[in-house]
Amino acid sequence: MDKTYDQTKVESKWYKFWEGLGFFKPEIHPKGRPYTIILPPPNANAPLHFGHAMYVVEDILIRFHRMLGDSALWLPGSDHAGFETQVVFEKELEKKGKSRFDFDRETLYQMIWDFVQNNKGEMEGQLRRLGFSLDWSREKFTLDPDIIKIVYKTFKKMFDDGLVYRGNRIVNFCTKHGTSFSDLEVLYEDRISPLYYIKYGPLTLATTRLETKFGDTAVAVHPDDSRYQKYIGKIIDIETVLGPAKIKVIADSAVDPEFGTGVIKVTPAHSMLDFEIGQRHNLEIRQVIGYDGRLNEKTGKFSGMTVKEARAAIAKEMLEKNLIEKIDENYKNRVGVCYKCGTEIEPLPSEQWFIKTAELAKAAIEVIKKGEIKIYPKNFEKTYFNWLKNIKDWNISRQIVWGIQIPAWFCNGCDQWIVTEGETPPKCPNCNSKLLERDPDVFDTWFSSGQWPFATLQTTRPGDFEKFYPTTIMETGRDILFFWVARMVMMGIYATGKIPFEDIVLHGMVLDPLGKKMSKSKNNVVSPMDIADQYGADAARLALVYGTAFGHDQSLSHPKLQAMRNFTNKLWNIGRFIVDFAPDDAKHLNPSVILACPESDSRVANAPQNDNINPDDEDILEKLSKTIEVTSKAINSYRFHDAADTLYEFIWHEFADKYIESTKDRRAEAQPVLEYVFRTCLELLHPFMPFITEELWQRLPHQGKSIMVTSWPKATE
RNA sequence: GGACAAGUAGCUCAGUUGGUUAGAGCGCCUCAUUUACACUGAGGAGGUCACAGGUUCGAGUCCUGUCUUGUCCACCA
């Protein structure tokens, strides 16, 4: 053995060995208890970043349970990531001087498909490099035909059950990307925007959005506002930049009498709140801004201007006409922007598909309250409840090509929507018309990934769903608790009548060395491959769980990675001492005879039964047993940092520094204990550091083919 | 406006149900000088546990309040 551990010589060979023997499949323990984790499918539009290496937690659990004899399944997959991917791809096109509008739908789809296939392949290689024991024979992709079929089936069921409806509602619209978003995809920025106090006949009201005034269909005050009682219900004459007009004054309790003058203009077509007021008072929805972000023909001479241009032009003209009373130039507000490009989101009225969330959310709250699903850390329950209690209906239509096209056809004969499980209807079932037009929109990517736990298991192989669903844990970043986890709970219960998983386990974010979030725009994204090349995959894995309480954010730390790499070297040299430097007479003892009993507890039992047991041996065996106990408990309670710390401490400072030193003058006698303790340490460490533990375990006297399929050590009583 | 987390050694962080002199890694200082391992070993310096009250025989840990930082949710025209 070399003096220094060289991970590049060791790590590359074992993954193939394990995979070749079929160890990643749950079938190696056909009679074991099912233990299932579905890999949160990474987006297939870019290589992995270092945060993805947090999947190691799932590998630890899977390897641990596999060693416990469970039928452990870790199911891999990847996500087409609809809009996200289209944005990434459009940037690629931009570099070549092209845009998505240069291609027809089919060509564009095919180009993105090829792009994604490439990335997918690279990503799979990276997951292997990190040692993740995923069952590749069950790998799924969100655009697999059988997955799409299930997504369609769910949509049809929801449509038939009245949970899906076509609604003309206000949606969050990005005029640059030309698509709508759900509420979660809108970011808010603090801005200072001029607040104009404008004259509406006898009233004065405050607004930042002058350009929407053409869409005003009422003026509203609070019903109890004594200042304006005499106007409520009246129609007032107003002067506007387009000439005289009439407008109705209504009373609605949504108006805050403290804001501005206590009077607001109501523009149902261009504000969520105004839309709701409009619904209550049957106001006309007059759209004056188009999907291109420009004012339309209803705005007279302002038509064709962008929102920004129009606002300036209107302000200028109103000042000239003395229609503005005053301007608060320092007004602070918050403006919704596209989370990808920063363009201001326009609330626009649009026909889209919506999911009624009230009942689904209620069920999703119930299962947590009853304890059928547990959330770790528990604090997140509150956040989870808060979101679900205030949830609004979910817009699932996206005006892009990359995704699963919605299986809905509009009949021009009877003006009805027809929804199928994917097949094209030959004619309208209501009126027999053949004038059917398919909705060009695709699903929000979270609508399909929300069905991932059951969609995957229903399409891998017969019996999988029955055996592995509900899955055991869903382990993921806490940043997608709403986007994904809550949706999976809602959709899973709805579609299968069962919870999708028993435990929700949330890990913290991996930040850059300065504690900032990693992002492409900041150019601080670290590749897990670079880290694995530099320190070894084993060290990278251990560094992610060591030293930071599980669930908390952590910064990428090179000193920590170095410390973990040093630890692998320590293990290597312990191995070298025990294997290479074993005295000849100890070799003749053939310790495996004493220690190779298949049951781990009898292995322990054998050693202390010796009447002349050395107190050092007794002591180390006792401490080893304690370590087994603590480590097992820590993993079971998702306290991975505790487990890692316990093992590091015991192996380095108890076993190496103290015990090994103490055996140097009675080496032959101690050899069986050295081998036994070290082999057990490697077994305990294996879920954390699979490569080096396999390498060293193979060099020690052992039973069985691989450390991966040996049984988890048991503590003595 | 609301919620959550954090504030412990120079730095990065542990410290589960309150219990003897508060721990680790890195850094720093002294020693060991090739030992299975220098990606090493032995030893050491360094902390009023954010602040102020309270409960208790006993508080880093529990309660109340304050300050600071980070994250999330809501969104006001």
Side-chain angles (χ1 to χ4, degrees), chain A residues 1-7 183-184 186 188 190 193 195-196 205-209 212 216 219-220 254-256 258-267 270-274 277 331-336 347 377-387 389-392 478-479 481-482 508-509 511 513 515-517 535-536 539 543 546-582 630 633-634 637 639 641-642 644-646 648-649 652-653 656-658 660-661 663-664 667 674:
Chain A
M1 284 169 78
D2 296 337
K3 211 171 168 185
T4 304
Y5 176 58
D6 181 358
Q7 48 92 5
D183 296 337
L184 280 174
V186 180
Y188 288 87
D190 286 312
S193 320
L195 181 65
Y196 301 95
L205 58 83
T207 181
T208 55
R209 298 212 58 188
T212 63
D216 293 354
V219 165
V255 179
D256 176 7
E258 302 291 318
F259 176 80
T261 59
V263 184
I264 65 164
K265 62 199 210 57
V266 185
T267 322
H270 298 293
S271 151
M272 301 278 180
L273 181 72
D274 292 9
I277 296 176
Y331 180 66
K332 284 185 196 141
N333 67 344
R334 287 168 67 74
V335 176
K378 204 171 188 299
N379 325 331
F380 282 100
E381 280 186 7
K382 212 167 171 177
T383 323
Y384 175 91
F385 289 143
N386 184 49
W387 187 73
K389 276 179 192 155
N390 298 307
I391 193 169
K392 289 182 185 160
R478 54 131 215 270
D479 55 330
L481 179 61
F482 305 142
M509 301 289 102
L511 308 169
K516 300 278 180 240
K517 203 172 170 180
Y535 300 100
Y546 182 89
T548 303
F550 181 74
H552 291 185
D553 289 355
Q554 63 174 313
S555 301
L556 175 72
S557 158
H558 287 282
K560 183 152 92 177
L561 284 159
Q562 220 164 61
M564 296 304 115
R565 191 253 285 144
N566 293 355
F567 181 58
T568 57
N569 193 55
K570 192 68 179 179
L571 289 170
W572 182 255
N573 276 291
I574 294 171
R576 204 158 76 96
F577 177 76
I578 294 174
V579 176
D580 282 8
F581 294 78
V630 172
K633 269 190 192 160
S637 51
R639 300 173 54 80
H641 60 291
D642 250 6
D645 185 73
T646 302
Y648 180 96
E649 189 61 27
W652 198 316
H653 300 301
D657 289 347
K658 299 199 183 112
I660 288 183
E661 290 304 319
T663 63
K664 283 182 177 170
R667 183 58 197 282
L674 283 167

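Convention: sequence-line order gives letters A, B, ...; per-chain numbering from 1. Not measured: the values here are computed from a predicted model.
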Less than 4.5 Å apart, side chain to side chain, heavy atoms only: is that true for Leu205(A) and Thr261(A)?
yes
5' to 3', nucleotides 70-77 of chain B under a 4.0 Å protein heavy-atom cut-off (B base, S sugar-phosphate only, - none) gives -SSSBBBB
State the dot-bracket string of RNA chain B. Criteria: Watson-Crick or G-U wobble, both atom distances under 3.5 angstrom; notation: ( ) intrastrand, [ ] crossing earlier pairs, | interstrand, . unpaired.
((((((((.[[[[.)...(...]]]].(((((.......))))).....[[[[[..)....]]]]])))))))....
In whole Å, measure the gap between the C1' atoms of G60(B) and G18(B) for me.
10 Å
Check the interface with nucleotides 15-26 of chain B: list each N/O to N/O pair with the protein under 3.5 Å, or write none.
unit_1, atom_1, unit_2, atom_2, d
G15(B), OP1, His641(A), NE2, 3.3
A24(B), O2', Tyr546(A), OH, 3.2

When the distance from CZ of Arg565(A) to C1' of U40(B) is rounded to whole Å, what number comes out?
13 Å
Nearest-angstrom distance from the residue atom CZ of Phe577(A) to P of C37(B):
10 Å
What is the distance from CG of Asn569(A) to P of G41(B), rounded to the nearest Å?
10 Å
State which residues pass salt bridge (charged side-chain N to carboxylate O under 4.0 Å, His left out) with Asp216(A); sequence neighbours excluded, sorted by chain then number.
Lys265(A)
On RNA chain B, does the nearest nucleotide to Phe550(A) precede the nearest nucleotide to Lys570(A) from the 5' side, or the other way round? Give the residue.
Phe550(A)
Without decimals, in angstroms, what is the distance between Ile574(A) CD1 and U35(B) C1'?
15 Å
To the nearest Å, give me how far apart CD (Glu661(A)) and P (C37(B)) are.
11 Å
Listing time: all N or O pairs from protein to nucleotides 28-34 of chain B that are below 3.5 Å?
none

Report the residues that fulfil salt bridge (charged side-chain N to carboxylate O under 4.0 Å, His left out) with Lys633(A), sequence neighbours left out, ordered by chain and then residue number.
Glu629(A)
